[in-house]
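Here is the structure we will look at.
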Amino acid sequence: VHWECQCDCGKVKNVWCANLSGNKSTNCGCKRKRNTIHGRCRTIEYNTWNRLKARCYNPKEKGYDRYGGRGIKIADEWLHDFPRFLADMGQRPPGTSIDRIDNNGDYAPGNCRWADNRTQALNKRNTRMICFNGEVLPIGELERRLGVRPRGIYVRIRAGTPPDLAIQRAIADHSGHRIKREAPVD
């Protein structure tokens, strides 16, 4: 049996009587609509914002130890204000996700960007950085720019070769020229 009911908002709707007696149907859905201030609840940006809050403030959340557990927070202006988060970050470009520029910094305006997987892979806490021609770069990025074999510089540095010599040897290997090993100085 269905009953014709009028919601507090004025909308008339047919409701199954079991939902009325079980208090399952108390409105036409207008209360959900009224609580949606920004109209973007089912967007990727909104889901991202909610995930940030979970990973930073919910100890039961998977990954909490890498975020909230080590002190990463969300800026006050973003924490309870999705429209502000969206205004600062903009719409997420396809193929990207949120990335903190300074991995030890908070989720805050100026420290977040939408980045692709490659950019994020070069911006991890365990990413080895190297100074080359006055610029500090992830080793992987330097290898890409120089066109040398991936991990060609990294493996040498890890084996104890000084960074400048590791770069020279990786470039020489790539071009087919070997650099002679210098005899140790007493």
Side-chain angles (χ1 to χ4, degrees), residues 5 7-11 13 15-16 18-131 135-144 150-151 153-155 157-158:
C5 301
C7 181
D8 292 340
C9 74
K11 184 175 180 180
K13 184 177 177 181
V15 181
W16 190 44
N19 285 346
L20 288 173
S21 63
N23 219 15
K24 292 180 184 173
S25 183
T26 59
N27 63 69
C28 68
C30 63
K31 288 190 178 182
R32 279 191 305 267
K33 291 176 187 168
R34 264 187 277 158
N35 288 336
T36 304
I37 298 168
H38 44 76
R40 296 185 52 97
C41 285
R42 291 187 175 95
T43 63
I44 288 175
E45 296 84 7
Y46 187 78
N47 288 338
T48 298
W49 179 68
N50 270 327
R51 297 289 305 140
L52 298 181
K53 293 192 302 182
R55 70 171 64 145
C56 290
Y57 297 105
N58 183 357
K60 293 180 182 178
E61 182 70 23
K62 182 180 176 184
Y64 171 81
D65 58 321
R66 291 174 301 178
Y67 297 94
R70 66 182 193 97
I72 305 300
K73 301 182 299 288
I74 299 173
D76 292 338
E77 58 264 34
W78 283 2
L79 185 56
H80 301 292
D81 191 350
F82 172 70
R84 173 71 188 271
F85 168 81
L86 185 61
D88 289 340
M89 289 297 297
Q91 201 167 1
R92 187 195 80 150
T96 64
S97 59
I98 197 162
D99 180 47
R100 285 175 291 117
I101 297 164
D102 172 8
N103 275 306
N104 295 315
D106 293 336
Y107 287 101
N111 192 40
C112 290
R113 62 186 171 192
W114 297 114
D116 61 23
N117 289 340
R118 187 176 177 290
T119 302
Q120 289 197 27
L122 294 172
N123 187 30
K124 298 165 95 178
R125 282 187 290 158
N126 63 352
T127 299
R128 299 283 309 260
M129 304 298 277
I130 191 166
C131 185
E135 187 177 8
V136 178
L137 299 165
I139 291 176
E141 176 64 15
L142 179 60
E143 290 167 338
R144 186 190 68 78
R151 298 182 59 84
I153 297 171
Y154 173 78
V155 169
I157 291 173
R158 184 124 191 242

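Every heavy atom of this structure was used, including side-chain atoms; hydrogens, water molecules and symmetry mates were not.
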Contact summary for [X] and [Y], nearest pair of heavy atoms:
X      : Y      : value
Asp116 : Thr96  : N-CG2, 3.9 Å
Arg128 : Tyr154 : CG-CE1, 3.7 Å
Thr43  : Phe82  : OG1-CZ, 4.4 Å
Met89  : Cys112 : SD-CB, 3.7 Å

Euclidean distance, [Y] [atom2] relative to [X] [atom1], rounded to 0.5 Å:
X      : Y      : atom1 : atom2 : result
Gln91  : Leu86  : CD    : CG    : 7.5 Å
Asp76  : Arg84  : CG    : CZ    : 10.5 Å
Arg113 : Gln120 : CZ    : CD    : 8.0 Å
Ile139 : Ile157 : CD1   : CD1   : 4.0 Å
Leu52  : Ile98  : CG    : CD1   : 4.5 Å

- Is Glu61 reaching over with its side chain to a backbone N or O of Gly68, donor-acceptor style, under 3.5 angstrom?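 Checking the backbone N and O of Gly68 against the side chain of Glu61, no donor-acceptor pair under 3.5 Å is found.
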- Answer yes or no: is there a donor N or O on one side and an acceptor on the other, between the side chain of Tyr57 and the main chain of Ile74, under 3.5 Å? yes
- salt bridge (Lys or Arg N to Asp or Glu O under 4.0 Å) against Glu77, all qualifying residues, sequence neighbours excluded: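 Not a single residue meets the salt bridge (Lys or Arg N to Asp or Glu O under 4.0 Å) criterion with Glu77.
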Taking only distance into account, with no hydrogens and no angle test, what donor-acceptor pairs under 3.5 Å do side-chain atoms of residues 102-111 form with protein atoms, sequence neighbours excluded?
| residue | atom | partner | partner atom | Å |
| --- | --- | --- | --- | --- |
| Asp102 | OD1 | Asn104 | N | 3.0 |
| Asn103 | ND2 | Asn123 | O | 2.5 |
| Asn103 | ND2 | Asn123 | OD1 | 3.4 |
| Asn104 | OD1 | Arg70 | NH1 | 2.9 |
| Asp106 | OD1 | Lys73 | N | 3.0 |
| Tyr107 | OH | Arg55 | NH1 | 2.7 |
| Asn111 | OD1 | Asp102 | N | 2.8 |
| Asn111 | ND2 | Asp102 | O | 3.3 |
| Asn111 | ND2 | Asp106 | O | 2.9 |

Quick one: are [X] and [Y] in side-chain contact, heavy atoms under 4.5 Å?
X      : Y      : answer
Glu141 : Met129 : no
Ile72  : Arg100 : yes
Trp114 : Glu45  : yes

Atom [atom1] of [X] with >12 non-hydrogen neighbours under 6.0 angstrom:
X      : atom1 : answer
Asn117 : CG    : no
Arg51  : CZ    : no
Asn58  : CG    : yes
Arg158 : CZ    : no

- When the ring planes of Trp78 and Phe85 are compared, do they come out parallel, tilted or perpendicular, using 30° and 60° as the limits?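 Perpendicular.
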